[in-house]
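For reference, the structure is listed below as structure tokens.
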Amino acid sequence: MTFKRNAAVPLALACAISPALTAPARAQPGAQQLQPVVITAARNEQSFADVLAPVTLITREDIERTQVPSLPELLAQQPGLQFTRTGGAGSQTSLFARGAGSAQVLVLVDGIRLNTAIGGFAVLGGVNLDSVERIEIVRGNRSSLYGSEAIGGVVQIFTRGGGADQAALQAEGGSGQSASGSASVTRSFGSTRLSATLAGSRSVPFSSIDTAQVRPGPFAPGANADQDGNRNRSATLRLAHRFSEATDAGASVWLQRNRTDFDSTADGPDATHRETAETANWQAFARHRLDRTWTLRATLGQLQEDSDNRASVAASFNNGRFEARNRQAQVQADARLAERVTASFGYDRLDQRGASTGYDPGFGNALTSFSREVNSLWAGVTGSSGRQQVQLALRRDDYSDVGGATSGLAAYGYRLGPAWRARLQVSNAFRAPSFNDLYFPFFGNPRLAPEQSRSIEAGLHYGEGPWRGAVALFATRTRNLIQFSAASRQAENIARARVAGLEWTLGWQAAAWRVDFNATYLDTEDEASGARLPRRAPLTANLSAFYDAGRWRVGGEVGHTDRRTSSDINTFATIGLAPYTLVRAVAQVDLTPALRLKLRLENAFDARYELVDGYNTSGRAAFAGFAWRM
């Protein structure tokens with residue numbers, strides 16, 4: 001195992017505009033429904049039709065209709081996103097967005113950073129979808145609004161609490177000794193709204209490492225072939241109160257405990273390994289509308305993530321403890337300059353702490369910590385006039401340990417007609433070095449500067465009647481990439497990378513049918529070696545079709561991932577992984593108005609494939625469950 005807001009938009013917005021937030025991404029033909037509202041693209045509320053950035057909105061309704069079992073698998077069905085995982089549920093997961101690596105993709109939970117300073121990436125394996133209300137995905141650079149890590153895009157997860165008052169129970173069981181369940185309740189008491197969710201899951205599907213691929217050697221005696229399991233517990237609580245039409249405030253808490261067995265080739269075929277990770281995420285917010293022009297917002301929040309890795313071999317290098325904390329405070333002012341023009345100004349404060357037994361220079365297993373402070377000022381404008389749309393943003397981040405970075409964005413859109421819109425965007429972004437990059441013994445370099453990137457993209461959107469579609473061309477060039485230097489024998493800002501790509505999306509919804517298709521082509525290059533960037537498939541495609549007959553709902557999805565590179569589990573040499581296609585099918589039937597039976601079949605044709613060389617993935621698996629609401 002490896003080591004492990006900046007969003008000032010308060011969660012109160014999600015509660016205050018909950019009718020719009022829970023609207024489907026596409027209205028039924030002839031129906032009079034409001035356009036859904038998204039927040040992440042500009043750090044304030046925008047109608048889905050007015051967003052210039054390529055955005056995907058996943059609602060609670062989408063999660064329940066598709067029955068996708070985990071967050072990484074749900075994200076991988078969206079354009080531009082891929083993931084890898086070293087084993088089953090809860091295992092170490094890497095997310096790629098438009099070719100950008102995990103430390104270059106910003107993930108927020110209720111506006112609080114999930115990316116920590118230890119490794120720079122977000123730990124996604126333990127996020128339970130039963131706790132999720134909706135997800136907003138903004139593809140492409142957003143450093144001008146969120147700062148570091150937002151090179152490939154921003155994924156913002158909102159925990160449960162939207163929609164109508166209700167209580168619900170869900171449970172499911174199936175292959176791989178899998179069982180899961182959740183209970184949720186949302187209630188309004190006058191101007192106060194309270195939501196709570198409890199969820200849990202367990203599974204023992206297979207051994208993380210395929211021991212048949214391991215060739216034992218003096219430094220890697222082999223891996224254990226026993227089955228590796230996962231046990232996850234999570235809870236969310238959200239409270240919001242509206243004091244008046246102008247003022248509201250509240251708070252939310254998200255707690256998680258994820259216990260995962262994993263394998264290692266370093267400790268022999270009889271060794272066992274387990275990681276126990278605990279996450280506590282909270283935030284409090286307030287919003288006040290001063291007058292028809294000005295609105296003030298303030299948020300305060302914290303993410304605490306503690307992880308403990310233990311091997312049955314006392315002297316194993318896999319033994320270790322990791323602690324990470326993000327403490328955030330933001331103040332934001334929004335000015336409605338005209339009916340369709342909004343300017344926003346903000347100050348963000350981020351305090352990050354990271355501690356690891358791996359940082360101990362004396363290798364005495366002492367928990368050694370580092371910290372940094374980040375002060376940021378930003379401003380943005382979104383607006384439209386007639387057929388024209390514009391978004392401008394500028395941000396300055398000052399780090400206590402690695403200096404500062406300035407990032408900006410300019411986007412322009414033009415409505416070619418009632419159904420067509422073209423857009424163009426230029427931007428730059430950065431990633432601050434992680435504590436692993438800076439301080440890890442024999443590798444870290446405290447003199448590292450932030451990675452820098454520049455991006456350009458152009459897009460064409462269509463939407464009329466039952467049809468929706470878009471195509472986007474994008475290119476990003478990153479310099480000062482952090483890479484190990486053989487000459488200095490430590491990390492240096494020496495690497496460069498280039499990514500270019502094309503995204504297609506097409507959707508059709510009419511009567512009881514909904515069909516969606518997306519495909520992404522990626523051309524990536526490590527400019528020093530000319531090789532493709534590892535684990536990024538040059539082509540991914542997803543097709544889904546669902547039919548809603550009232551009491552019955554059936555559907556299926558097909559996902560294809562092309563050939564990509566990985567590191568050989570024995571030699572670490574670059575090798576190719578075979579392409580693969582996965583097919584899944586789901587069905588639901590309402591036995592009563594309150595009781596629903598759910599069925600799903602994963603990997604229906606029992607495809608054999610790998611996400612990481614030498615690590616197992618699930619074969620064909622079947623599951624059944626129920627959902628009860630009142």
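Here, residue 1 is the first one in the sequence, and each next residue gets the next number.
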Is the backbone N or O of [Y] less than 3.5 Å from a side-chain atom of [X], with the two atoms forming a donor-acceptor pair by type?
{"X": "T520", "Y": "G80", "result": "yes"}
{"X": "R202", "Y": "Q177", "result": "yes"}
{"X": "S203", "Y": "P205", "result": "no"}
{"X": "D228", "Y": "S207", "result": "no"}
{"X": "N115", "Y": "G120", "result": "yes"}
{"X": "R60", "Y": "V132", "result": "yes"}
{"X": "R142", "Y": "A41", "result": "yes"}
{"X": "T247", "Y": "S244", "result": "no"}
{"X": "R553", "Y": "G550", "result": "yes"}
{"X": "R468", "Y": "L506", "result": "no"}

What's the separation between atom [atom1] in [X] and atom [atom2] in [Y], rounded to the nearest 0.5 Å?
{"X": "D334", "Y": "W294", "atom1": "CG", "atom2": "CH2", "answer": "9.0 Å"}
{"X": "F121", "Y": "E149", "atom1": "CZ", "atom2": "CD", "answer": "11.0 Å"}
{"X": "W254", "Y": "Q256", "atom1": "CH2", "atom2": "CD", "answer": "4.0 Å"}
{"X": "E73", "Y": "R85", "atom1": "CD", "atom2": "CZ", "answer": "4.5 Å"}
{"X": "N230", "Y": "S201", "atom1": "CG", "atom2": "OG", "answer": "5.5 Å"}
{"X": "F623", "Y": "R584", "atom1": "CZ", "atom2": "CZ", "answer": "10.0 Å"}

Below 4.0 angstrom, N of the basic side chain to O of the carboxylate: do [X] and [Y] qualify?
{"X": "R353", "Y": "D351", "result": "no"}
{"X": "E64", "Y": "R629", "result": "yes"}
{"X": "D291", "Y": "R289", "result": "no"}
{"X": "R321", "Y": "E323", "result": "yes"}
{"X": "R340", "Y": "D50", "result": "yes"}
{"X": "R193", "Y": "D165", "result": "yes"}
{"X": "R551", "Y": "D590", "result": "no"}

query: Within 45° of the axis and under 6.0 Å from the centre of the six-membered ring of Y547, does NZ or CZ of R514 qualify?
result: no
- prompt: Can a cation-pi geometry be assigned to R297 and F285, taking NZ or CZ under 6.0 Å from the six-membered ring centre and within 45° of the ring axis?
  reply: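 No, a cation-pi geometry is absent between R297 and F285.
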Taking all non-hydrogen atoms of both residues into account, name the closest pair between [X] and [Y] and its distance.
{"X": "Q67", "Y": "A587", "value": "NE2-O, 3.4 Å"}
{"X": "S618", "Y": "Y609", "value": "O-CE2, 3.9 Å"}
{"X": "V105", "Y": "A97", "value": "CG2-CB, 3.7 Å"}
{"X": "Y146", "Y": "L106", "value": "CB-CD2, 3.5 Å"}
{"X": "A53", "Y": "V138", "value": "CB-CG1, 3.8 Å"}
{"X": "T186", "Y": "G161", "value": "CG2-O, 4.1 Å"}

Is there side-chain contact between [X] and [Y], with heavy atoms separated by less than 4.5 Å?
{"X": "F626", "Y": "L595", "answer": "yes"}
{"X": "S94", "Y": "S102", "answer": "yes"}
{"X": "R274", "Y": "T260", "answer": "no"}
{"X": "I157", "Y": "D110", "answer": "no"}
{"X": "V127", "Y": "N232", "answer": "no"}
{"X": "V515", "Y": "F546", "answer": "no"}
{"X": "I58", "Y": "I63", "answer": "yes"}
{"X": "H241", "Y": "S191", "answer": "yes"}

- request: Please name all residues satisfying ring pair (Phe, Tyr, Trp, His ring centres under 6.0 Å) with W552, sequence neighbours left out, ordered by chain then number.
  value: none
Is the closest side-chain donor-acceptor distance between [X] and [Y] under 3.5 Å?
{"X": "S184", "Y": "R160", "result": "yes"}
{"X": "T382", "Y": "T342", "result": "no"}
{"X": "T59", "Y": "D62", "result": "yes"}

field: Pair L108-L114, side chain to side chain contact (heavy atoms under 4.5 Å, CB included): steps then yes or no
entry: CA-CA 5 Å; L108 311 171; L114 205 58; over 6 Å; no
message: I'd like to know whether T236 forms a side chain to side chain contact (heavy atoms under 4.5 Å, CB included) with V253, so could you lay out the CA-CA distance, the side-chain angles of the two residues, the decisive distance to 0.1 Å, and finally the verdict.
response: CA-CA 6 Å; T236 65; V253 178; over 6 Å; no
- request: Would you please test V107 and L124 for side chain to side chain contact (heavy atoms under 4.5 Å, CB included) and show each step?
  value: CA-CA 9 Å; V107 181; L124 302 179; 4.0 Å; yes
message: Applying the salt bridge (charged side-chain N to carboxylate O under 4.0 Å, His left out) criterion to E172, which one of R600, K598, R596 satisfies it?
response: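 The passing option is R600.
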message: side chain to side chain donor-acceptor pair (under 3.5 Å), that's the test. Do R325 and Q304 meet it? Break it down for me.
response: CA-CA 5 Å; R325 187 193 69 204; Q304 180 72 40; 5.0 Å; no
query: Can you check side chain to side chain donor-acceptor pair (under 3.5 Å) on E557 and S544, steps first, answer last?
result: CA-CA 4 Å; E557 295 168 312; S544 67; 4.7 Å; no
message: Evaluate R620 against L601 for side chain to side chain contact (heavy atoms under 4.5 Å, CB included), listing each step before the verdict.
response: CA-CA 7 Å; R620 183 187 297 114; L601 180 65; 3.9 Å; yes
Residue that, paired with [X], satisfies side-chain hydrogen bond (donor to acceptor under 3.5 Å, both in side chains) out of [options]:
{"X": "E278", "options": "R259, R233, R257", "answer": "R257"}
{"X": "T56", "options": "E136, Q78, R139", "answer": "R139"}
{"X": "N326", "options": "E305, R113, Q352", "answer": "Q352"}

